[in-house]
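What follows is a set of notes on a single structure, which appears directly below.
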Amino acid sequence: QVQLVESGGGLMQAGGSLRLSCSTSGRTFSGYALAWFRQAPGKERDFVAGMTWSDGNAYYADSVKGRFTIFRDNAKNTVYLQMNSLKPEDTGVYYCAGVGDPSGRYYPISVPASYDVWGQGTQVTVSS
């Protein structure tokens with residue numbers, strides 16, 4: 001099974017930008033979707049952005065639409081999350097997650113329970 005490794009988190013002032021990376025450990029991903037979730041202290045893990053792998057369609061939480069972009073580099077087996085116009089409420093641990101089933105079965109992309117592979121997370125802190 002593919003392993004997911006995130007990188008790129010850090011401390012940024014509000015209005016700044018960060019790019020997160022999620023590597024599939026050099027293996028070609030062939031599942032249903034890859035996505036980013038985030039979890040703030042004391043809160044549940046929330047969907048941020050996701051991409052269905054077969055068609056490359058991207059989906060976003062309303063709170064990040066127009067500011068964040070999910071994209072992939074197939075040659076590098078990596079999916080990215082470009083985060084612009086960061087806000088303090090974007091602070092949290094960001095997790096990359098994958099739905100590994102390659103059958104084509106539908107999974108709700110914004111639901112954490114759909115995902116069977118998770119990275120270790122990377123901290124993003126946005127100061128005001």
Side-chain angles (χ1 to χ4, degrees):
Q1 193 176 27
V2 68
Q3 291 183 317
L4 304 177
V5 180
E6 304 99 331
S7 61
L11 174 64
M12 179 57 65
Q13 287 188 331
S17 298
L18 282 173
R19 178 179 292 182
L20 305 183
S21 300
C22 173
S23 168
T24 59
S25 302
R27 297 180 62 181
T28 300
F29 183 75
S30 58
Y32 178 76
L34 283 176
W36 290 94
F37 289 78
R38 69 185 177 196
Q39 188 166 21
K43 296 189 176 182
E44 294 185 349
R45 193 168 296 187
D46 292 330
F47 172 76
V48 176
M51 176 178 286
T52 44
W53 213 246
S54 61
D55 55 18
N57 286 340
Y59 303 87
Y60 298 94
D62 288 343
S63 60
V64 306
K65 281 181 181 176
R67 300 189 298 122
F68 290 11
T69 303
I70 185 171
F71 63 100
R72 67 189 184 189
D73 185 331
N74 290 337
K76 295 183 178 180
N77 296 306
T78 300
V79 64
Y80 300 92
L81 185 67
Q82 178 66 42
M83 306 187 294
N84 299 329
S85 302
L86 283 163
K87 302 177 180 180
E89 51 263 44
D90 294 321
T91 293
V93 178
Y94 282 69
Y95 297 91
C96 181
V99 181
D101 183 359
S103 70
R105 172 191 167 189
Y106 168 77
Y107 291 84
I109 199 169
S110 64
V111 176
S114 295
Y115 295 82
D116 55 351
V117 182
W118 292 84
Q120 82 286 354
T122 185
Q123 177 71 44
V124 172
T125 303
V126 184
S127 62
S128 57

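Positions are given from 1, in the same order as the sequence printed here. Any value given below was found using the heavy atoms of this structure, including those in side chains, with hydrogens, waters and symmetry copies removed.
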Donor-acceptor pair, Glu6 side chain versus Cys96 backbone, under 3.5 Å?
yes
Heavy atoms, side chains only, cut-off 4.5 Å: are Tyr60 and Thr69 in contact?
yes
Regarding Lys87 and Asp90, does a basic nitrogen lie under 4.0 Å from an acidic carboxylate oxygen?
no
Same cluster or not: Val2 versus Tyr115, using hydrophobic residues (I, L, V, M, F, W, Y) connected whenever any side-chain heavy atoms lie under 4.5 Å apart?
no
Taking Val5's backbone N and O only, do any of them form a donor-acceptor pair with Gln120's side chain (distance below 3.5 Å, no angle check)?
no
Which heavy atom of Gln123 sits nearest to which heavy atom of Val93, and what is that distance?
OE1-CG2, 3.2 Å
Are the side chain of Asp116 and the backbone of Gly100 linked by a donor-acceptor contact shorter than 3.5 Å?
yes
Main-chain N/O of Asn77 paired to Thr24 side chain as donor or acceptor, under 3.5 Å:
yes
Would you find more than 12 non-hydrogen atoms of other residues, nucleotides or ligands less than 6.0 Å from Glu89 atom CD?
yes
Please report the C-alpha distance between Phe71 and Tyr80 in whole Å, then the side-chain angles of each, then the deciding distance to 0.1 Å, and finally whether the ring-ring contact (aromatic ring centres under 6.0 Å, His included) criterion is met.
CA-CA 5 Å; Phe71 63 100; Tyr80 300 92; 5.0 Å; yes
What heavy-atom pair brings Tyr107 and Asp101 nearest, and what distance separates the two atoms?
OH-OD2, 2.6 Å
With rounding to the nearest 0.5 angstrom, report the CH2 to CZ distance, Trp53 to Arg72.
5.0 Å
Is the backbone N or O of Arg105 less than 3.5 Å from a side-chain atom of Ser103, with the two atoms forming a donor-acceptor pair by type?
yes
If hydrophobic clusters are built by linking Ile, Leu, Val, Met, Phe, Trp and Tyr wherever their side-chain heavy atoms come under 4.5 Å apart, do Met83 and Leu34 end up in the same one?
yes
Treat each ILVMFWY residue as a node, draw an edge where side-chain heavy atoms are under 4.5 Å apart, and state whether Phe29 and Phe37 are in one component.
no
Please work out whether the ring planes of Phe68 and Tyr94 are parallel, tilted or perpendicular, with thresholds of 30° and 60°.
tilted
Between atom CG of Leu4 and atom OG of Ser23, what is the distance when rounded to the nearest 0.5 Å?
8.5 Å
May I ask you to check whether Tyr59 and Phe47 place their ring centres under 6.0 Å from each other?
no
CD1 on Ile70 to CH2 on Trp36, rounded to 0.5 Å:
8.0 Å
Not counting sequence neighbours, which residues clear side-chain hydrogen bond (donor to acceptor under 3.5 Å, both in side chains) with Thr28? List them please.
none
Any heavy-atom pair between the side chains of Leu81 and Arg38 that's under 4.5 Å?
no
Chi angles and distances behind the side chain to side chain contact (heavy atoms under 4.5 Å, CB included) call for Gln82, Ser17
CA-CA 7 Å; Gln82 178 66 42; Ser17 298; 4.0 Å; yes
Test item: Thr125 side-chain N/O and Thr91 main-chain N/O as donor-acceptor pair under 3.5 Å:
no
